[in-house]
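Here is the structure we will look at, set down as structure tokens.
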Amino acid sequence: MSYVEEVYANLQEKHVNEPEFLEAAKRVLDTIAPAVAENEEKYRSVSLLERLVEPERIVTFRVPWVDDAGKTQVNLGYRVQFNSAIGPYKGGLRFDKTVNQSVLKFLGFEQIFKNSLTGLPIGGGKGGSDFNPKGRSDAEVMRFCQSFMTELYKYIGANEDVPAGDMGVGGREIGYLYGQYKRITNLYEGVLTGKGLSFGGSLARPEATGYGLVYITDEMVKGAGKELKDKVIVVSGSGNVAQYAIQKAEQLGAKVVTCSDRNGYIYDPDGIKFDVVCEIKQQHRASLAEYVEKVPTAQFFPGEQPWGVKCDIALPCATQNEINGAAAKKLINNGCWCVAEGANMPSDADAIDAYEEARKANGFLYMPGKAANAGGVATSALEMSQNSERLSWTFEEVDSKLQGIMAGIYAKVAEAAGRYSDKDDFVTGANIAGFLKVADAMVAQGNV
Ligand code: NDP
């Protein structure tokens, strides 16, 4: 058994109840195998992989809060501090009923490599709660956030662990969380990112993940000798990532024809209207079904996903495992030649197998989430820099740094792909490029 296989077999035995985490760990371990083999003796001697796959710390706590009816509700809160070899733990907080330790460990593990790829000094972490803010009043969300932070503040800090938003945690939640942190600690520091502009937030942070996704897609498409202009794009989701991916893709001359939510998807042959989606999702917090009231030429398909729509490029921006093998094949058979992931792990294992087959057959392009959606966390790190300097950069400064970072990620991923596999095997490239920096730091820092 190889070193990588041995480590995975042990992990599988220990964490049998964590399927999402095991899936993520297996995918990474399988693809970094050639880089591990090169240094096997060194890595084995310091149990590098055994340490890499276990979080440095997991904090779990109860979050009691009082709802508007006066009843005490109890949710679970978590913070997974996975790896701090190259910087303070950094990764979002997710509030969603699907949150559990396995999901957060999978996200935290992925975050290690993603953060490493940005080239910025940030370690990997993730956290959240099974609290669902949907349908809760502002006052309920505030009380929940205050209770959550009353426990979490003990484990985070500007140089220790800097959470951000993720699904269900947007500007409103970050504001309430920050307020409570400040109230308890008396510190005005960059302990959270994604803050409002009036209290230390960075311009272009809300746009960063979606914009970054489109910037790296543009790099990848150019690398294959094509261009984004006039290409038809299918987007899923209609939240933060999807909205700004739609906006940037349109600015670069492509046409986005779909977006979706939990209720179904919109097909707009004339191009999805960014302003309409933002109005429905940011202001009304309503179903996308409203879109057709405002744009009668569009169609709403309740309960369906957009993967059957003919396109050149697909940008999944909703949630994990939203593209299965059958959906991936449908996309490919309909002429789609590129997938870049705005969401974390939106393609399941069968979908990735289908992309891989198409890559080998005719150069299908696939950029995994840990590289493609790294623009969000990269800009969070830029927010941390601005907080430390007590300065605010302009939108253009942040956006141009973001573009540079995404181009740098593409270059690193393509270089590692060429060195360890085929030049367009970006899955291997992303995992290995992310892994090598963390591995070097872990070896150098000794057995901690
Ligand atoms: P939001 O909560 O803003 O939006 C999520 C969107 O996905 C919503 O439109 C939601 O629909 C839809 N959605 C969620 N679950 C499902 C489902 N099961 N089926 C269909 N649609 C679904 O989240 P973000 O845009 O911030 O995040 C989206 C993805 O991107 C996540 O995987 C996140 O981890 C990842 N990501 C986010 C980053 C960021 O900076 N925000 C950074 C890197 C990755 P509805 O409106 O009905 O709830």
Side-chain angles (χ1 to χ4, degrees), residues 20 24 90-99 103-104 106-108 110-111 114-115 117-118 124 126-128 132-135 163-174 193-194 201-202 204-213 216 235-246 258-266 272 277-278 280-291 300-307 315-324 327 340-348 368-383 402 406:
E20 292 88 354
K90 181 94 199 85
L93 295 171
R94 177 176 290 194
F95 291 170
D96 191 84
K97 59 179 186 303
T98 60
V99 163
V103 168
L104 295 179
F106 125 57
L107 292 165
E110 289 280 299
Q111 197 82 43
K114 180 190 303 191
N115 292 2
L117 278 174
T118 65
K126 198 82 190 184
N132 183 5
K134 289 249 150 64
D166 185 62
M167 271 167 66
V169 179
R172 174 182 63 170
E173 290 76 14
I174 292 289
T193 57
S202 173
R205 174 59 187 94
E207 291 84 354
T209 308
Y211 278 21
L213 169 67
I216 201 168
V235 165
S236 67
S238 49
N240 173 266
V241 180
Q243 288 163 17
Y244 292 105
I246 292 169
T258 68
C259 63
S260 68
D261 65 11
R262 290 168 218 250
N263 304 304
Y265 82 89
I266 290 289
I272 293 286
V277 176
C278 290
I280 296 169
K281 288 295 169 184
Q282 290 181 14
Q283 288 166 30
H284 304 176
R285 295 180 191 267
S287 160
L288 266 185
E290 249 185 44
Y291 189 97
F300 180 64
F301 295 87
E304 287 187 43
Q305 291 180 298
W307 312 126
L315 302 177
C317 298
T319 189
Q320 68 260 24
N321 290 333
E322 56 174 313
I323 305 186
N324 61 19
E341 296 180 335
N344 284 313
M345 225 158 89
S347 309
D348 78 3
K370 67 169 68 68
N373 67 34
V377 74
T379 308
S380 279
L382 300 179
E383 182 174 331
L402 170 65
M406 297 315 293

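Just follow the structure's listing: the first ligand is 1, and inside any ligand the first atom is 1. We use all heavy atoms of the structure for the numbers below, so side chains are in, but hydrogens, waters and symmetry mates are not.
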Checklist entry - At a non-hydrogen distance cut-off of under 4.0 Å, which region of A164 contacts ligand 1 (side chain, backbone, both, or neither)? => result neither
Checklist entry - Who gets closest to atom 46 (O) of ligand 1 by heavy atom: Q111, K126, K281, K134? => result K281
Item to check | N373 vs K114 side-chain heavy atoms within contact, under 4.5 Å | outcome: yes
Checklist entry - Given side chains that start at C-beta, do those of V103 and R94 come closer than 4.5 Å, heavy atoms only? => result yes
Next on the checklist: Among L213, V241, D166, V277, which one puts a heavy atom closest to atom 34 (O) of ligand 1?
Outcome noted: D166
Next on the checklist: Tell me whether ligand 1 is touched by G165 - counting only heavy atoms on the residue side and a distance under 4.0 Å.
Outcome noted: no
Checklist entry - Heavy-atom distance to atom 20 (C) of ligand 1: which of D261, L107, T319 wins? => result D261
Checklist entry - Quick one: are I174 and R205 in side-chain contact, heavy atoms under 4.5 Å? => result no
Checklist outcome for this item: of all protein heavy atoms, closest to atom 9 (O) of ligand 1 is S238 N, 2.9 Å
Item to check | ligand 1 versus Q320: contacting region, heavy-atom distance under 4.0 Å | outcome: neither
Checklist outcome for this item: The protein heavy atom nearest to atom 23 (O) of ligand 1 is M167 CG, 3.6 Å
Next on the checklist: Contact between L402 and E207 at the side-chain level, heavy atoms closer than 4.5 Å - yes or no?
Outcome noted: no
Next on the checklist: Test your reading of the model: is there a side-chain donor-acceptor pair from Q243 to the backbone of S238, 3.5 Å cut-off?
Outcome noted: yes
Checklist entry - G342 heavy atoms, cut-off 4.0 Å: which ligand 1 atoms fall inside? => result 30 (O), 35 (C), 36 (N), 44 (C)
Checklist entry - Is it true that E110 lies under 4.0 Å from ligand 1, counting heavy atoms only? => result no
Item to check | Protein heavy-atom partner closest to atom 32 (O) of ligand 1 - residue, atom, separation in Å | outcome: N344 N, 3.1 Å
Next on the checklist: Show me which atoms of ligand 1 lie under 4.0 Å from any heavy atom of R94.
Outcome noted: 31 (C), 32 (O), 33 (C), 34 (O)
Checklist entry - Which option out of M345, R262, R285 puts a heavy atom nearest to atom 22 (C) of ligand 1? => result R262
Checklist entry - With distance as the sole test, does E173 use its side chain to make a donor-acceptor pair with the main-chain N or O of G170 at under 3.5 Å? => result yes
Next on the checklist: Under 3.5 Å, is there a donor on one side chain and an acceptor on the other for S347 and E341?
Outcome noted: yes
Next on the checklist: Among all protein heavy atoms in this structure, tell me which lies nearest to atom 4 (O) of ligand 1, with the distance rounded to 0.1 Å.
Outcome noted: G239 CA, 3.3 Å
Item to check | atom 2 (O) of ligand 1: nearest protein contact (heavy atom, Å) | outcome: G168 N, 3.6 Å
Checklist entry - Would a distance-only check, ignoring hydrogens and angles, find a side-chain to backbone donor-acceptor pair under 3.5 Å from D96 to M167? => result no
Next on the checklist: My understanding is that we take every heavy atom of each candidate and find the minimum distance to atom 28 (C) of ligand 1. Doing that for A318, G237, G92, P316, which one comes out nearest?
Outcome noted: A318
Checklist entry - Would you find a donor on one side and an acceptor on the other, under 3.5 Å apart, between the side chain of N324 and the backbone of A327? => result yes
Item to check | Sidechain-backbone polar pair: S236 side chain, C317 backbone, donor-acceptor under 3.5 Å | outcome: yes
Checklist entry - Aromatic rings Y244 and Y211: how do their planes relate, parallel, tilted or perpendicular, breaks at 30° and 60°? => result perpendicular
Checklist entry - For ligand 1, which atoms have a heavy atom of R205 less than 4.0 angstrom away? => result 40 (O)
Checklist entry - Any salt bridge between D261 and K134, counting N to O under 4.0 Å? => result no
Next on the checklist: For atom 30 (O) of ligand 1, tell me which residue out of A343, S380, A286 has the closest non-hydrogen atom.
Outcome noted: A343
Next on the checklist: At under 4.0 Å between heavy atoms, is it the side chain or the backbone of T209 that contacts ligand 1, or both, or neither?
Outcome noted: side chain
Item to check | Within reach of ligand 1, part of S260 (heavy-atom separation under 4.0 Å) | outcome: backbone
Item to check | Residue, atom name and distance, where the atom is the protein heavy atom closest to atom 41 (N) of ligand 1 | outcome: N240 OD1, 3.4 Å
Next on the checklist: Could you check whether any side-chain N or O of W307 sits under 3.5 Å from a backbone N or O of E322, counting only pairs where one atom can act as donor and the other as acceptor?
Outcome noted: yes
